[in-house]
Amino acid sequence: MKLKKILFTICFLIVLCGRSQTNEKNYLNLMNAVNENQLKSKLTILSSDTMEGRETGTVGETKAANYLASEFKKLGLIPGNKTSFMQPFTLFSYQTKSAEFILKGSGKKLDEEFYLQNDFPFQGKIDIEKVLCFLNDNLLDTAFLNGIKGKVLLIKNSNNYQTLIRFIDFIKRKGVLGCFVLDDKNPLSNSNIKSKFFTADQKSNFFVCHVAKALFKEILQKSQILNEKFPQEIDLKMTLTATFDKNTLNSKNVIGAIKGKTKPFEYVFVTCHYDHLGIIDGKIYNGADDDGSGTAAVLEIARVLSEFKNQNIIADRTIVFLANSGEEKGLLGSLYFTENSLYPLNKVNLDLNIDMIGRADPNYSGNKNNYVYLIGDDKLSSQLVGLIDTINTGFTKLELDRKYNDPNDPDRLYYRSDHYNFASKGVPVLFFFGGLHEDYHKPSDKIEKIDFKLLKLRTQLILLTAWKAATNNNSLVRDIPLVKYN
Ligand SMILES: [Zn+2]
């Protein structure tokens, strides 16, 4: 009996040992399969002039999407959207068509004395009798804003645009009818303000009307505001009438998957954005690094894993490859995807997002040939840091720089690529990023400047991390509460 037990234990240990050896072998084989020339040939196509800078809603974007879908098909991936590799979506934007603003009987000049913010396509007419003035510059001091539902606000433009947007968002949710924003400019100019895009048609009853400095003074005189520091409700007769034109852009995400062997209904995502800035003033923005590099990496990871699948080396969980569009217009492809997901997001263990991994940050202080910035691994799951550290220490040995995890980082990179739409819905994310450089969002972001050795090293790390997350016994825990940016 005792001997039997010992024999059994020995056998069990041999099996375990054998398993961990195959495991280790798998990692090494996967790592060695990543090929620099493969990355180069993919990026050459993605960043070529025929792709016309891959701007969302353009012919160039469609060419890039078709190329990605045909590659996914060649590799034998499963289409992400029923029989299709494409997830089409429409983007909406708005422009003021006509607007009339009458203050105590006198009409004001559009685009000189006032303009309406295009993000809020208010249609129709509103007669205003009273406004609640909040002319303190500190828009975050919102203590007084209880009981503002159904009112019209008059506020001072904060010097910080983000603060203003947050404030407007806040009062809109509180049921305010609209607001007049007093700008410190005279005359006004909104020609530099780009129209925002949305993933759904906006039917807004809410308006944001910007008012020039001179008109602001007139309002103050007419309303006899006594002290700008305190909120106060005043009588002020105004009428606002507006109509908006709607523009639409048709776009698509590209999605394919390799089905997991034992847990096919749990998922690990590998994502990038394939769109870029298109053609501006006749110049093609090829976006070789942003995010041709990440797109090439996704294709290469898909190629390696497909080849392993053909040798029956398959991860337990399903690995999904998602190339988003609309990123440069405001992370919109991934927003649409996560709001209309083709996979249940509570079954997505991890999103590995890749953006700009083909170059070195000139300001990086360590070894520029062998590092990557890791963003988001300290959020949502306490197991993430350990997961990537194990892979990196055991195999790839890159310098992992986590400086952008600092919540006070002024570049706010955690919020600036597609993973954030996954994270904001509770999916643990790891964002792989090479850093900003002098060619960021310039026509000079070209393939000649890509460091393919570095691109390969980073691709290896991402591939092995995907493999690890897709073969771990347990799903990643989600034990760190979400910190939402608002
Ligand atoms: Zn990018």
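Atoms within a ligand are numbered from 1 in the order they appear, just like the ligands themselves. Any value given below was found using the heavy atoms of this structure, including those in side chains, with hydrogens, waters and symmetry copies removed. Here, residue 1 is the first one in the sequence, and each next residue gets the next number. For clarity, every value in this text was computed on a predicted model and none was experimentally measured.
- Note on K203 versus D201: salt bridge recorded, some NZ/NE/NH1/NH2 to OD/OE distance being below 4.0 Å.
- Of the charged side-chain nitrogens involved, at least one lies within less than 4.0 Å of a carboxylate oxygen, so that K449 and D439 count as a salt-bridged pair.
- The distance from the Zn ion (ligand 1) to the nearest N/O/S atom of D355 is under 2.8 Å.
- Taking the six-membered ring where tryptophan is involved, the planes of F198 and Y94 are tilted, since the angle between them lies from 30° to 60°.
- Restricting D290 to its N, O or S atoms, the one at the least distance from the Zn ion (ligand 1) is OD1.
- Per residue H273, closest N, O or S atom to the Zn ion (ligand 1): atom name NE2.
- Surrounding CG of N250 are more than 12 heavy atoms belonging to other residues, nucleotides or ligands, all under 6.0 Å away.
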